[in-house]
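These numbers were taken from a predicted model, which means no experiment stands behind them. Lettering follows sequence order; numbering is per chain, from 1.
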Amino acid sequence: MRVRIIAFFAIGICIGFSIIAQAKSTDGMNLFVSRKTLSDLELSIANEGAEIDNIRKRTEEAAFKLNEYERIMADADAGLQESLLSELSVYKALTASTALRGPGVRVVLSDSAEDIPPWADINAFIVHDTDILRIVSDLSKGGAEAIAINGHRIYSDSTIYCNGYTVRVNDVPEARPFVIEAIGDPARLSAAMIGPNSYGVLLREYYGLVFLVQVEPDVTLPARPDKSIVFRYAQHAETK
Amino acid sequence: MIIAILMGLALGVAFGFAFNFSFPTEYAFYITMGLLAALDSLFGAARSHLEGKYNNLIFISGFLMNAVLAGALTYLGDLLGVPLYYAAILVFGGRLFNNLAVMRRVIIDKYIRKKSEGHDE
């Protein structure tokens with residue numbers, strides 16, 4: 001009987017103690033966690049850890065780069081940087097990679113508005129690629145720094161050729177009237193256009209084409225479409 | 001006897017509050033199952049005590065075996081991904097109520113017998 005009471009008492013203590021300890025440790029949380037949930041959680045913890053490592057590494061790399069740049073910034077010859085930038089802007093203007101504005105002229109060239117006699121050659125009354133090429137050439141001679149035809153910039157590999165009734169400029173078909181804009185000294189440019197022996201005057205006087213020259217205080221020429229220039233054959237002759 | 005159980009429980013609860021002790025979380029579920037087994041054994045012992053069929057060996061071995069089986073079922077369920085511990089909860093819970101009902105009946109029987117004896121005298 002005594003053993004019995006002691007046993008009951010002891011087990012009562014165990015149970016009471018366990019209940020309280022358990023209630024403290026679980027705090028009413030759901031206890032049963034299946035193995036799958038556990039392994040899923042382990043996996044996601046591992047993933048998060050890898051991600052954290054990754055981000056830490058990238059942060060370190062970025063900090064290193066930033067350091068490098070700051071060092072270069074501190075060291076670099078400011079004059080060198082400036083000269084590089086100005087050189088870059090010249091090349092951008094030359095390759096028509098940037099829009100340009102400035103004083104210049106606007107030349108409008110269009111087909112003849114006169115009645116065509118039945119016996120006449122129709123080719124004498126319309127604008128040809130050669131006419132445009134001559135005018136572009138004349139503008140260059142007059143000191144034009146940038147030229148555009150109907151919004152297509154003329155640069156080193158520009159093309160101008162007849163395509164039936166239209167003229168393709170930089171491979172885009174364009175119809176009359178052709179508006180040729182150029183930036184440069186307006187006086188020199190207009191003189192080159194309407195001087196006594198200029199091609200434009202010849203076109204207007206002998207062929208009856210529409211040829212107008214306007215002096216513009218401010219023309220804006222757009223950049224050419226984004227296109228990378230690749231030299232496949234040409235090489236720098238000075239390269240060793 | 002019941003006084004011994006209640007006193008033990010009270011002392012255990014007091015200890016639990018007094019010492020800041022908690023089980024490791026991984027084993028919390030097994031501890032709960034063990035608790036249920038212990039409660040079941042305690043009620044069973046109390047019942048057999050009231051019925052006069054109590055045996056120390058049966059009580060102790062029953063207590064240990066129940067706890068071990070409950071833990072084993074929980075572990076197996078964990079391995080298989082099926083909550084097998086439901087079996088232990090259902091059996092122990094059901095037996096708790098069963099034992100309580102029997103104890104109630106025995107106590108009421110005793111009380112009525114005592115009363116009727118007093119009435120006779």
Min side-chain heavy-atom separation B/R95-B/F43 under 4.5 Å: no

Which class fits the ring pair B/Y30 and B/Y75: parallel under 30°, tilted 30 to 60°, perpendicular over 60°? tilted

Side-chain polar contacts of residues 157-173 of chain A - donor-acceptor pairs under 3.5 angstrom, sequence neighbours left out - could you list them?
from: A/S158; atom 1: OG; to: A/R153; atom 2: O; distance (Å): 3.3
from: A/S158; atom 1: OG; to: A/Y155; atom 2: N; distance (Å): 2.8
from: A/S158; atom 1: OG; to: A/Y155; atom 2: O; distance (Å): 3.4
from: A/S158; atom 1: OG; to: A/N170; atom 2: OD1; distance (Å): 3.1
from: A/Y161; atom 1: OH; to: A/D171; atom 2: OD1; distance (Å): 2.8
from: A/Y165; atom 1: OH; to: A/D111; atom 2: OD2; distance (Å): 2.9
from: A/Y165; atom 1: OH; to: A/R176; atom 2: NE; distance (Å): 2.9
from: A/T166; atom 1: OG1; to: A/N163; atom 2: O; distance (Å): 2.8
from: A/R168; atom 1: NH1; to: A/D171; atom 2: O; distance (Å): 3.0
from: A/N170; atom 1: OD1; to: A/T159; atom 2: N; distance (Å): 3.4
from: A/N170; atom 1: ND2; to: A/R153; atom 2: O; distance (Å): 2.9

Residue part contacting chain A, namely of B/A18, when any heavy atom lies under 4.5 Å: neither

Highest number of heavy-atom pairs under 4.5 Å with chain A: which of B/F17, B/F15, B/Y54? B/Y54

Region of A/I20 that comes under 4.5 Å of a non-hydrogen atom in chain B: side chain

Got a sec, which pairs hit side chain to side chain donor-acceptor pair (under 3.5 Å) with one end in residues 40-49 of chain A, sequence neighbours left out? A/K36-A/D40

The interface call for B/L42 against chain A, heavy-atom contacts under 4.5 Å, is side chain

